[in-house]
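First the structure, in the form of structure tokens, and then the observations on it.
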Amino acid sequence: MKIVSDTATAEADSDFASSLLAGLSAPTKSIPCRFFYDAAGSALFEKITQLPEYYPTRTETEILRARASQIARDAAPGNVLIEFGSGSSLKTELLLEKMHQLYAYVPVDISAAALSAAQARIKSRFPQLKVLPVCGDFSRSLALPATIEGRPRLGFFPGSTIGNLPEAAAVKLLANMAKILGHGARLIIGADLKKDVRRLISAYDDEAGVTAAFNLNLLKRANRELDADFDVSQFDHLATYDASNGRIDLYLVSQAEQTVHVLGRRFDFAAGERIHTEHSHKYDITGFHALAARAGWRPIETWTDAERLFSVHVLEVA
Ligand code: SAH
Ligand code: AVI
């Protein structure tokens, strides 16, 4: 089933073009992390989720597996389950197995490739379920399907994707989700926890180099889509931990002085110069509750694993 219109694809291309040109023109170069997720990037992210070093996916999955029946009680018959940054929708299956009378499942993702693969799998596993995918940027205004208008909603935002936004943007997004889901609605949200720095760094700089390939894919994507001439072999992947802000930062580091062209514009790099590509914030429970409260959410339940690596929260619109 076609889920992206040509207009949406053209908008996505121009968003990448204008964001990349702006990000490379700034005194400190950066590329927003939402551009990781073209088809190749989404496939690389799925490989990351299987890595021994990348504990978040398997840990959150185990928490959700243990709590799925409890979570399903928040989905009354006729509810709509709206998932933000749904990706493969693999974790969602754990909830859908227990939610029997949903009106519809609405996965929202910027990656058309991830959405259509997930939609096909969910439709074949749950043939009775209405699946209404929305391809778009959840931090902008989203056109949700008209058929869910007025229906009670339950939100799902797993993966600690909230951590990829700077704090002010995270509060804005959570507040917008409260508006979309409606008064009294609940949101099930995953948040990665602070921990030993070596453990964090190895999760973002794995032995097999999959996270490096995921990061470098941004440059390959620019070459594919924006007539850029990045020599990808001249950039290194770097993951650092910023303890004062409680976050992993990913960078692409220029190995040498070099010049790159994007859409006919010239960009000079010094040896060692960095392009910032991702923040991945890590929380403690009280810090996460405080963030949610600033966006109008009240914590109802919080679950973690035995090692306290990851947290899953049930929030309610206050
Ligand atoms: N929820 C899945 C996937 C997490 S990866 C899991 O828990 O494993 C993050 C997902 O969010 C990707 O599928 C990516 O395409 C999507 N995403 C990232 N930024 C986005 C944005 N601004 N708007 C919509 N989707 C976004
Ligand atoms: C999607 N997001 C929560 C991942 C993370 O852990 O911040 C993206 C990622 N980046 C590198 N590895 C995984």
Side-chain angles (χ1 to χ4, degrees), residues 1-6 8-21 23-24 29-51 53-54 56-57 84-91 107-122 133-139 158-161 164 203-239 248 250-255 260-263 267 275-280:
M1 183 185 291
K2 190 170 159 62
I3 51 177
V4 196
S5 68
D6 292 343
T9 311
E11 272 170 21
D13 288 351
S14 71
D15 184 26
F16 187 32
S18 56
S19 301
L20 189 69
L21 293 175
L24 295 182
K29 294 181 172 67
S30 66
I31 306 175
C33 65
R34 66 180 180 277
F35 298 112
F36 278 140
Y37 302 97
D38 64 349
S42 292
L44 284 164
F45 178 75
E46 288 314 308
K47 279 189 161 184
I48 289 175
T49 66
Q50 307 294 320
L51 292 168
E53 296 96 330
Y54 195 74
T57 304
F84 302 93
S86 47
S88 67
S89 295
L90 277 168
K91 294 167 189 166
V108 177
D109 206 287
I110 203 163
S111 168
L115 260 183
S116 67
Q119 183 190 20
R121 207 192 61 255
I122 296 283
V134 174
C135 191
D137 180 347
F138 53 50
S139 53
S160 201
T161 303
N164 295 134
Y204 291 85
D205 192 11
D206 61 279
E207 281 289 320
V210 183
T211 311
F214 175 70
N215 198 4
L216 287 160
N217 178 58
L218 275 172
L219 305 185
K220 292 188 179 171
R221 180 177 181 184
N223 289 349
R224 282 191 294 267
E225 296 180 20
L226 302 179
D227 195 25
D229 60 0
F230 282 100
D231 178 349
V232 177
S233 72
Q234 290 298 301
F235 287 84
D236 288 324
H237 164 71
L238 174 69
I248 288 282
L250 295 194
Y251 299 92
L252 292 164
V253 186
S254 177
Q255 291 172 7
V260 175
H261 302 88
V262 182
L263 291 170
F267 297 97
I275 309 173
H276 183 272
T277 55
E278 188 179 54
H279 296 302
S280 191

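The analysis underlying the following values was restricted to heavy atoms, covering all of them including side chains, and did not include hydrogens, waters or symmetry mates.
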Looking only at atom types and distance, does a side-chain atom of Gln255 sit under 3.5 Å from a main-chain N or O of Ser233, one as donor and one as acceptor?
yes
Nearest-0.5 Å distance, CG of residue Asn215 to CG of residue Leu44
10.5 Å
Sorted by chain and residue number, the side-chain contact (heavy atoms from CB on, under 4.5 Å) partners of Ser139 (sequence neighbours excluded) come out as Asp137
To the nearest 0.5 Å, how far apart are OG in Ser42 and CG in Asp109?
6.5 Å
Cation-pi check for Phe35 against Arg221: NZ or CZ below 6.0 Å from the six-membered ring centre and within 45 degrees of the axis, yes or no?
no
What's the shortest heavy-atom distance between Leu216 and Phe235, and which atoms?
CD2-O, 3.7 Å
Would you sort out whether Leu226 and Phe16 count as a side chain to side chain contact (heavy atoms under 4.5 Å, CB included), showing the intermediate values?
CA-CA 8 Å; Leu226 302 179; Phe16 187 32; 3.6 Å; yes
Not counting sequence neighbours, which residues clear side-chain contact (heavy atoms from CB on, under 4.5 Å) with Arg121? List them please.
Ser89, Leu90, Glu93
Please identify each residue that fulfils side-chain contact (heavy atoms from CB on, under 4.5 Å) with Gln50, with sequence neighbours left out.
none
So, does Asp229 use its side chain to make a donor-acceptor pair with the main chain of His261 at under 3.5 Å?
yes
Would you compute the distance between atom CG of Asn217 and atom CG of Leu252 and round it to the nearest 0.5 angstrom?
10.5 Å
How close do Leu263 and Ala17 get, counting heavy atoms only, and between which atoms?
CD1-CB, 3.7 Å
Is the Phe45 ring parallel, tilted or perpendicular to the Phe214 ring (thresholds 30°, 60°)?
tilted
Residues two or more places apart in sequence or in another chain: which of them pass salt bridge (Lys or Arg N to Asp or Glu O under 4.0 Å) with Asp205?
none
As an exercise, state the distance from CD1 of Ile48 to OH of Tyr204, rounded to the nearest 0.5 Å.
9.0 Å
Ala114 and Ser111 have their tightest heavy-atom pair at N-OG, 3.1 Å
Test of understanding: with side chain to side chain donor-acceptor pair (under 3.5 Å), list the residues that count as partners of Thr57, not counting sequence neighbours.
none
Return the set of residues passing side-chain contact (heavy atoms from CB on, under 4.5 Å) with Ala120 (not counting sequence neighbours), or none when no residue passes.
none
When you compare the side chain of Thr161 with that of Phe138, does any pair of heavy atoms fall below 4.5 Å?
yes
Near Lys29 NZ, under 6.0 Å, is it more than 12 heavy atoms from other residues, nucleotides or ligands?
yes
Can you name the nearest heavy-atom pair linking Gly136 to Val108, along with the distance?
O-CG1, 4.4 Å
Has the side chain of Asn164 got a donor or acceptor atom that lies under 3.5 Å from a matching backbone atom of His279?
yes
Distance check, rounded to the nearest 0.5 Å: Thr277 atom OG1 versus Tyr251 atom OH?
9.0 Å
